[in-house]
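These notes are about the structure you will find just below.
If you're wondering where the values come from, they're calculated on a predicted model, not measured in any experiment.
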Amino acid sequence: MYLLAETLIVSAGLLMATGLIPGRWCRQIQFQLRDCVTMLAGLQTLLALTLTLLNVVGAWWGTGPFTQPLHIEYARVQWLLLDGTSSLMFFLVSFVGWVICRYSVRFLDGEPELGNYYRWTALTIGAVSLMALSGNLLLFIATWALASLGLHHLLLFYRERPAARRAAWNKFIVSRTGDLCLLIAAVLIYLECQTLNFTPLFAQLAGSGSTESIPLMCGIWLLVIGAAIKTAQFPFHSWLPQTLETPTPVSALMHAGIVNAGGYLLIRTSPLVQLVPAALASLVLIGTLTVCIAATSMLAQNSVKKKLAYSTVAQMGFMMLQCGLGAFSAAMLHLLAHSFYKAYAFLNSGSVLEQKRALGRG
């Protein structure tokens, strides 16, 4: 099973390494790069499906290789934590990434920057995949920031459009603000607990109903705030509906995968965030407010993609609300259902007018 785990790291690493290819080379080998990235994403999806099925077998029958969480630690860093939660998230990211790569073959056919598109798409998918499997808080934050960097370049695919540049840089500023909160949180948690590896960290805090440590409490507050900022919660939500001057597959990848990472972080660190009930209560308030504002704004939109964007903001609000109520299993189910639905909705958005005309003729 360690061989499978190491294969997962290699798969995500190869996708991430694609981002190191110079842009000039990407233009020269754009079709080969397209086929290579699509193939890697497809192989990773098969690995993710295998991992998920093994976890299902272990959970239902109490037998199999993953009846207990499997982790890989090297140089005192827990690089991988394989359990039911991480395997589901890894499958989600891999499958959606592969579908988007396949969809983009025809959608972006003839684009001069096709090679660079697949370069940054591969980096983003690989970074989010490693984030889903990471067993260390600092590694989680670093891979999330790397995925955000790849997404930033994808949002600038049509960099000649002023609206695309404005939206990309607004998103960049908000994301870096969230990253700063998360990094300070990681420092405070490490100073208190002397580890950022999830397994020993949760074991150390097991059985604690709350915490009286000021640094740890501040770290948890910043963790929650950083996750909320990067998950498009009010008042940091306006950047998401603006990021529509980009190819539809990029919107699908962002709304179905990357923007969910804040909810996944709270689910993954649930034993930690539950130590500060006030932080969870603030999530309930922020999530409820975000839902009300985004759902009302959605009703006033006349663009299909903008309606979907505000729908995503509202769904992220629901996810924060569920996490604040301590319903982390429901939040994980919500994350999976919303991601698959929103990927389909964005990729199918271009067919709305055709479907309406077909119904009119019928």
Side-chain angles (χ1 to χ4, degrees), residues 8-27 29-30 33-34 36-41 44-45 89-90 92-104 107-108 111 113-134 139-159 164-165 167-179 182 230-232 239-240 242-262 264-265 339 343 346:
L8 301 179
I9 297 178
V10 171
S11 172
L14 286 174
L15 287 169
M16 291 171 60
T18 307
L20 300 175
I21 301 176
R24 178 171 53 86
W25 294 2
C26 291
R27 297 184 190 95
I29 58 168
Q30 58 180 354
L33 186 62
R34 177 196 65 188
C36 182
V37 170
T38 305
M39 181 188 68
L40 281 174
Q44 182 170 288
T45 302
M89 189 67 180
F90 182 63
L92 166 70
V93 171
S94 302
F95 179 70
V96 170
W98 174 68
V99 169
I100 286 169
C101 287
R102 288 286 301 164
Y103 183 89
S104 301
F107 188 87
L108 295 175
E111 289 283 355
E113 291 296 320
L114 182 67
N116 279 312
Y117 168 83
Y118 274 95
R119 167 197 183 191
W120 295 117
T121 299
L123 171 66
T124 305
I125 296 171
V128 178
S129 300
L130 190 55
M131 181 199 75
L133 296 171
S134 61
L139 179 62
F140 191 110
I141 296 169
T143 49
W144 194 1
L146 191 59
S148 182
L149 174 64
L151 181 62
H152 177 73
H153 286 278
L154 290 173
L155 292 176
L156 289 171
F157 184 78
Y158 297 122
R159 60 180 64 247
R165 295 197 301 271
W169 285 108
N170 285 343
K171 191 265 178 192
F172 185 86
I173 292 170
V174 171
S175 293
R176 298 297 74 76
T177 303
D179 287 338
L182 294 175
K230 297 193 69 172
T231 314
W239 64 267
L240 190 59
Q242 296 173 2
T243 55
L244 299 176
E245 293 291 331
T246 188
T248 298
V250 177
S251 297
L253 179 63
M254 179 169 58
H255 289 256
I258 299 172
V259 78
N260 295 285
Y264 179 63
L265 173 62
S339 295
F346 265 102

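When all heavy atoms are compared, the tightest approach of T243 to S251 is O-OG, 4.0 Å. When all heavy atoms are compared, the tightest approach of G19 to R119 is O-NE, 3.3 Å. In plain terms, the two heavy atoms of A164 and L156 that are nearest each other are O-CD2, 4.1 Å. Nearest heavy-atom pair, K230 versus G178, reported as atom, atom and distance to 0.1 Å: CG-CA, 3.8 Å. Shortest non-hydrogen contact noted between Q242 and N170 is OE1-ND2, 3.1 Å. Of all the heavy atoms in A256 and S339, the pair that sits closest is O-OG, 2.8 Å.
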Trace of the side-chain contact (heavy atoms from CB on, under 4.5 Å) decision for M254 with L240: CA-CA 9 Å; M254 179 169 58; L240 190 59; 4.1 Å; yes
Working for side-chain contact (heavy atoms from CB on, under 4.5 Å), residues T18 and L14: CA-CA 7 Å; T18 307; L14 286 174; 6.0 Å; no
Test log, rule side-chain contact (heavy atoms from CB on, under 4.5 Å), inputs T124 and L15: CA-CA 8 Å; T124 305; L15 287 169; over 6 Å; no
From CA spacing to verdict: side-chain contact (heavy atoms from CB on, under 4.5 Å), L154, L253: CA-CA 10 Å; L154 290 173; L253 179 63; 4.2 Å; yes
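Annotation: salt bridge (charged side-chain N to carboxylate O under 4.0 Å, His left out) contacts of R165 (sequence neighbours excluded): none. Scanning for ring-ring contact (aromatic ring centres under 6.0 Å, His included) contacts around Y158 gives an empty result, with sequence neighbours left out. With sequence neighbours left out, S104 forms a side-chain contact (heavy atoms from CB on, under 4.5 Å) with I100, L108, Y117, Y118, P249. R27 pairs by the side-chain contact (heavy atoms from CB on, under 4.5 Å) definition with R24, E113, N116, not counting sequence neighbours. The ring-ring contact (aromatic ring centres under 6.0 Å, His included) search around Y264 returns F140, not counting sequence neighbours.
Side-chain contact between T248 and F107 is present, with heavy atoms from C-beta onward closer than 4.5 Å. Residues L130 and L8 have side chains not in contact (no heavy-atom distance under 4.5 Å, counting atoms from C-beta outward). Between I125 and V37 there is no side-chain heavy-atom pair separated by less than 4.5 Å.
Once rounded to the nearest 0.5 Å, the distance linking OG of S175 with CG of L151 reads 7.5 Å. In this structure, CZ on R34 lies 6.5 Å from CG on L114, to the nearest 0.5 angstrom. Rounded to the nearest 0.5 Å, atoms CD1 (I141) and CG (D179) are 8.0 Å apart. Note that CG of L265 and CG of N260 are 12.5 Å apart. Values are rounded to the nearest 0.5 Å. Note that OG of S134 is 10.5 Å distant from CD1 of I9, once rounded to the nearest 0.5 Å. Here the straight-line distance linking atom OG1 of T38 with atom CG of L33 works out to 9.0 Å at 0.5 Å rounding.
Listed by first then second residue, pairs satisfying side chain to side chain donor-acceptor pair (under 3.5 Å) with a partner in residues 141-157 read S148-K171, S148-R176, not counting sequence neighbours.
Using bins of under 30°, 30° to 60° and over 60° for the plane-to-plane angle, the ring pair F95/W98 lands in the tilted bin.
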